[in-house]
Asker: 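The structure's right below; bear with me while I get my questions together.
Values below: all heavy atoms of this structure, side chains included; hydrogens, waters and symmetry mates excluded. In this chain, numbering begins with 1 at the start of the sequence shown.
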Amino acid sequence: MTPGQRRRCFGLLRSAGDVWACVLEINAWRRRRHDAPLVGYQALCRELSGSGPGTFGELDSTGARSVLRRFSDAWFAAAKARRDGDLSVRFPRRRRALMPVRWYHGTFTLDGLRVRIPTAQGASPLWVRLAREVPYPVEQVRSVTLLCEGGRLFLDITAEVPVAVYPPGVGPDPGRVAGVDLGIIHPYAVASRDGEGLLVSGRAIRAEHRMHLADTKTRRRAVAHRAPKPGQKGSRRWRKHRRRTRLVEGRHKRRVRQAQHEAARTVVSWAVEQRNGVLRVGNPRGVLDIDAGRRHNLRLRQWQIGRLLQILEDKATLAGITVDPVNERGTSSTCPTCLRRVPKPRGRTLSCPHCQFSGHRDLIAAAIIATRTPGGGPTPAAVVLPKVVTHRRAGRHLPGAGQSRRDPRRPHRVSRGSVGPRRPAPPPGGESLALTARIHNAHRKPGER
């Protein structure tokens, strides 16, 4: 886009942030006067109509109402969670400089690679050109959302996509159930009642998080001497560094998000092949309440449980599969043979000290989750462990996800002890291809110190 189009798009996002800030300020005034908060969508729209035209620049009423709907939904979701007993959920009280703006069907125009973004009355039309074609027909597009991530502008397209239709006897069967266990090393571990299992490895995603954190620390140490003093505006060099940092952060988020979508797509494709019509997913949100140090909290923050659940549910619904969340407490530390608790299991293998059973910890948890019912009811059937396990890897596009199993950003000194590049086998004669050892004390005789 041209510099003028970019300036106008960011102006719309800033105006949406002003609408959000106005709602927060109004509720702060009402809270000081001990009045009821203004959170209903209809009441917020009436308040917006009283502000008059031109208050929020080129932002039209439809875009401003999308911000009000976002605030109302967030407030009522927090209120419901607090009524259910989760007091850690906060009401929306944080200001945001840029807020996403959504326009619904009938307010925008989509013409091939060109999109007309609605603006306020009296402003000139705003046409932008897309970087790639929309993968949906125009009649299926229901809304467009303008947002900014990592200093780059995006247009999020929402379309109405029909649920997949299968021939008779081929589609998912509602009577076939599979359990799904969420994790960090394995984002999805699936076990069906027919003895089939699936393990999706997320080690490449974890390596991306670790190397990105190391790169961020190195970058901050390199530019520490160029940081502006408190109260002093940044120089052009500092602004370029900040822009580069936002671009790197955006690229890291896109890489991880794409890997998560690949993992969920693998699970849904496997479930369709196995004709599993119901996926019972263990909800691990209880782990978030554990306070086990800064390192554990960093892992949980990078886990993104809600996004994994939402991505899996969206793709499963599109494939005609039902997702039922169940309680997963104790599934990773319970022996499936004697049903006794294993104290503090470590690693990926669960070894029972009571009956000497041993198996993969994540697959055992998925098999136990498959037997549980939504709502916390009793276990109606016996645990069926998978006999045939399919292994898949998520995030093959990530750096270091090839056959060498070594990240190219990783320095050689840190990579000691890793697999590294494959070496050729020794010749049949037995002669070694390794380099000759360097002996530093060749001048000493054997036995002499």
Side-chain angles (χ1 to χ4, degrees), residues 175-203 205-206 263-264 266-271 273-290 292 296 299-300 303 305 308-309 312 316 321 323-394:
R176 303 169 70 95
V177 182
V180 181
D181 178 66
L182 303 181
I184 299 178
I185 297 181
H186 296 102
Y188 300 103
V190 193
S192 65
R193 304 283 299 166
D194 301 330
E196 299 285 341
L198 172 67
L199 276 177
V200 181
S201 175
R203 298 181 185 273
I205 303 177
R206 187 179 62 168
T266 302
V267 174
V268 174
S269 301
W270 180 87
E273 293 177 0
Q274 301 297 326
R275 297 192 60 196
N276 293 318
V278 178
L279 293 179
R280 293 178 180 171
V281 185
N283 191 358
R285 295 187 183 276
V287 186
L288 301 178
D289 299 333
I290 300 177
H296 183 73
R299 291 176 180 176
L300 292 181
W303 191 3
I305 301 175
L308 292 176
L309 288 172
L312 180 62
I321 300 176
V323 177
D324 293 334
V326 298
N327 184 16
E328 70 144 14
R329 183 167 181 80
T331 55
S332 299
S333 58
T334 302
C335 177
T337 305
C338 61
L339 299 180
R340 300 179 66 178
R341 193 71 176 268
V342 178
K344 295 183 180 180
R346 296 180 179 274
R348 295 297 97 198
T349 303
L350 176 67
S351 300
C352 180
H354 309 288
C355 63
Q356 308 304 320
F357 171 82
S358 179
H360 198 281
R361 182 180 176 185
D362 297 337
L363 290 177
I364 292 174
I368 297 178
I369 289 174
T371 62
R372 296 192 173 182
T373 56
T379 302
V383 179
V384 180
L385 297 178
K387 299 179 181 179
V388 179
V389 182
T390 304
H391 294 264
R392 292 292 181 266
R393 182 185 301 178

Asker: Are Val268 and Leu312 side-chain neighbours, meaning at least one heavy-atom pair lies under 4.5 Å?
Answerer: yes
Asker: Search all heavy atoms of Ile368 against all heavy atoms of Thr331 and return the closest pair with its distance.
Answerer: CD1-O, 3.6 Å
Asker: Kindly give the heavy-atom pair with the smallest separation between Val267 and Val190, and that separation in Å.
Answerer: CG1-CG2, 3.8 Å
Asker: Partners of Ser269 by side chain to side chain contact (heavy atoms under 4.5 Å, CB included), sequence neighbours excluded?
Answerer: Arg265
Asker: Using side-chain heavy atoms (C-beta onward) and a distance below 4.5 Å, is Val281 in contact with Ile369?
Answerer: no
Asker: If you take all heavy atoms of Pro336 and Val383, which pair is closest and at what distance?
Answerer: CB-CG1, 3.8 Å
Asker: As an exercise, state the distance from NE2 of His360 to OG1 of Thr349, rounded to the nearest 0.5 Å.
Answerer: 7.0 Å
Asker: Between OG of Ser201 and CZ of Arg206, what distance do you get to the nearest 0.5 Å?
Answerer: 8.5 Å
Asker: If you compare all heavy atoms of Gly282 against all heavy atoms of Glu328, which two are closest, and at what distance to 0.1 Å?
Answerer: CA-CB, 3.7 Å
Asker: Using the salt bridge (Lys or Arg N to Asp or Glu O under 4.0 Å) criterion, which residues pair with Arg176? Sequence neighbours excluded.
Answerer: Asp194
Asker: Tell me, yes or no, whether the heavy-atom count around Arg275 atom CZ, taken from other residues, nucleotides or ligands under 6.0 Å, exceeds 12.
Answerer: yes
Asker: Report the residues that fulfil side chain to side chain contact (heavy atoms under 4.5 Å, CB included) with Ala370, sequence neighbours left out, ordered by chain and then residue number.
Answerer: Arg193
Asker: Considering residues at least two apart in sequence or located in another chain, which fulfil the side chain to side chain contact (heavy atoms under 4.5 Å, CB included) criterion with Asp324?
Answerer: Val278, Arg280, Thr322, Pro374
Asker: Which pairs with one or both residues in residues 354-368 pass salt bridge (Lys or Arg N to Asp or Glu O under 4.0 Å), sequence neighbours excluded?
Answerer: Arg348-Asp362
Asker: Can you find a pair of side-chain heavy atoms, one from Leu309 and one from Asn283, that are under 4.5 Å apart?
Answerer: yes
Asker: Kindly compute the distance separating NE2 (His186) from CG (Leu199), expressed to the nearest 0.5 Å.
Answerer: 4.5 Å
Asker: So which heavy atom on Ala366 is nearest to which on Asp181, and how close?
Answerer: N-CB, 4.0 Å
Asker: If the condition is side chain to side chain donor-acceptor pair (under 3.5 Å), which residues does Arg341 pass it with, not counting sequence neighbours?
Answerer: Ser333
Asker: Hey, could you give me the CG/SG distance between Leu350 and Cys335, rounded to the nearest 0.5 Å?
Answerer: 6.5 Å
Asker: OG of Ser192 to CG of Leu198: how many Å apart, nearest 0.5 Å?
Answerer: 10.0 Å
Asker: Residues in side chain to side chain contact (heavy atoms under 4.5 Å, CB included) with Gln274, at least two apart?
Answerer: Glu196, Trp270, Asn276
Asker: Taking C-beta and beyond as the side chain, do Ser332 and Ile364 meet within less than 4.5 Å on heavy atoms?
Answerer: no
Asker: Which heavy atom in Leu308 sits nearest to a heavy atom in Tyr188, and how many Å separate them?
Answerer: O-OH, 2.9 Å
